[in-house]
Amino acid sequence: DQQVKQNSPSLSVQEGRISILNCDYTNSMFDYFLWYKKYPAEGPTFLISISSIKDKNEDGRFTVFLNKSAKHLSLHIVPSQPGDSAVYFCAASAESGTYKYIFGTGTRLKVLA
Amino acid sequence: DAGITQSPRHKVTETGTPVTLRCHQTENHRYMYWYRQDPGHGLRLIHYSYGVKDTDKGEVSDGYSVSRSKTEDFLLTLESATSSQTSVYFCAISRGSRDEQYFGPGTRLTVT
């Protein structure tokens, strides 16, 4: 039972354009969400977070949108750069959750120069 | 960068042998975690610790045990390694249970 789903295993985008990575969740108790970026042979690095009391959070080129009614969040990268090519994971947490953060399966982003 | 190291970085072992992976942090963070990453599964929590000698199970804890005798060290032991435990193992740390986690570089374990 995958509580956090990233249905697109891969995405290719031209340099300078917008990258949109999607994440869906099934547990309505999730109230805090994180995005991580992972390069090959390295550990994931934290990108941006959002609490359920917000519907948007922005940090430089990265913006996360949360649609609670649809149980959907998305990460927008504008403009996309070749260095953004990596695997992106979303993760969700519930205040009463047992396992802290549940991670999605990841989306591999390739930014084409 | 958060001060997290993992050792060894690569290991090949035989089925049935015990294996211990080490995570060491220099950040004095309270929470430490062990995850495994497998294709099609993302990152799955094995065990976590919320303080010295305080540990709890994650979603895929069968076949694994952990110990934390010092704030800075969190050990993951595979009591009798199986081929299904071939994976990349990541350690992570955080200040609080809901805070963002900082990950180590990973250990690639192959069980033959």
Side-chain angles (χ1 to χ4, degrees), chain A residues 1-10 21-27 29-53 57 59 62 64 75 86-108, chain B residues 1-10 21 23-25 27 29-50 54-62 64 87-109:
Chain A
D1 178 28
Q2 192 77 23
Q3 296 187 64
V4 179
K5 301 176 186 178
Q6 293 178 257
N7 292 318
S8 298
S10 63
L21 297 103
N22 294 305
C23 180
D24 297 294
Y25 59 96
T26 58
N27 189 342
M29 299 301 291
F30 288 147
D31 62 354
Y32 201 71
F33 305 88
L34 308 176
W35 281 95
Y36 285 85
K37 176 170 72 174
K38 185 184 180 306
Y39 292 120
E42 295 182 11
T45 55
F46 169 71
L47 267 180
I48 193 168
S49 64
I50 189 165
S51 163
S52 60
I53 62 173
N57 190 26
D59 184 0
F62 301 91
V64 57
L75 175 68
V87 177
Y88 290 78
F89 292 98
C90 63
S93 168
E95 179 69 37
S96 60
T98 307
Y99 300 133
K100 310 306 176 186
Y101 280 96
I102 304 295
F103 283 77
T105 52
T107 296
R108 183 177 303 277
Chain B
D1 288 348
I4 313 167
T5 56
Q6 293 183 230
S7 58
R9 294 293 314 279
H10 301 271
L21 308 183
C23 177
H24 179 78
Q25 62 149 328
E27 305 297 318
H29 283 2
R30 179 182 174 189
Y31 288 82
M32 299 186 75
Y33 311 82
W34 277 108
Y35 290 90
R36 59 179 288 175
Q37 184 193 8
D38 304 290
H41 290 280
L43 290 154
R44 292 181 293 174
L45 183 65
I46 304 171
H47 281 279
Y48 66 98
S49 169
Y50 47 97
D54 292 323
T55 65
D56 206 348
K57 296 178 180 179
E59 63 179 311
V60 290
S61 60
D62 287 348
Y64 301 95
S87 187
V88 180
Y89 291 85
F90 288 101
C91 173
I93 64 174
S94 67
R95 286 191 184 85
S97 64
R98 305 286 308 276
D99 291 337
E100 61 266 23
Q101 297 173 13
Y102 298 94
F103 284 80
T107 295
R108 182 171 295 275
L109 176 68

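Letters A, B, ... are given to chains in the order of the sequence lines, protein chains preceding strands, and every chain is numbered from 1.
Rounding to the nearest 0.5 angstrom, the gap separating the OH atom in Tyr35(B) from the OH atom in Tyr101(A) is 9.0 Å. Annotation: the span from Gln37(B) atom CD to Phe89(A) atom CZ amounts to 4.5 Å, rounded to 0.5 Å.
In plain terms, the two heavy atoms of Ile102(A) and Glu59(B) that are nearest each other are CD1-OE2, 4.3 Å. The minimum heavy-atom distance linking Tyr36(A) with Gln101(B) is given by the pair OH-N, 2.8 Å.
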Which donor-acceptor pairs under 3.5 Å do side chains of residues 40-52 of chain A form with protein atoms, sequence neighbours excluded?
unit_1: Thr45(A); atom_1: OG1; unit_2: Lys37(A); atom_2: O; d: 3.2
unit_1: Ser49(A); atom_1: OG; unit_2: Tyr32(A); atom_2: OH; d: 3.3
unit_1: Ser51(A); atom_1: OG; unit_2: Ile53(A); atom_2: N; d: 3.3
unit_1: Ser52(A); atom_1: OG; unit_2: Asp31(A); atom_2: O; d: 3.4

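When Gly104(A), Pro9(A), Gly106(A), Ser93(A) are compared by the number of non-hydrogen pairs under 4.5 Å with chain B, Ser93(A) comes out ahead. Residue with the most contacts toward chain A among Pro39(B), Ala92(B), Gly42(B): Gly42(B) (heavy-atom pairs, distance under 4.5 Å).
Remark: Ser87(B) pairs with Asp38(B) by the side-chain hydrogen bond (donor to acceptor under 3.5 Å, both in side chains) rule, at least two apart or across chains.
If you measure heavy-atom distances from Arg9(B) to chain A, the contacts under 4.5 Å come from the side chain alone.
Crowding of Arg108(A) atom CZ: a count of heavy atoms from other residues, nucleotides or ligands under 6.0 Å not exceeding 12.
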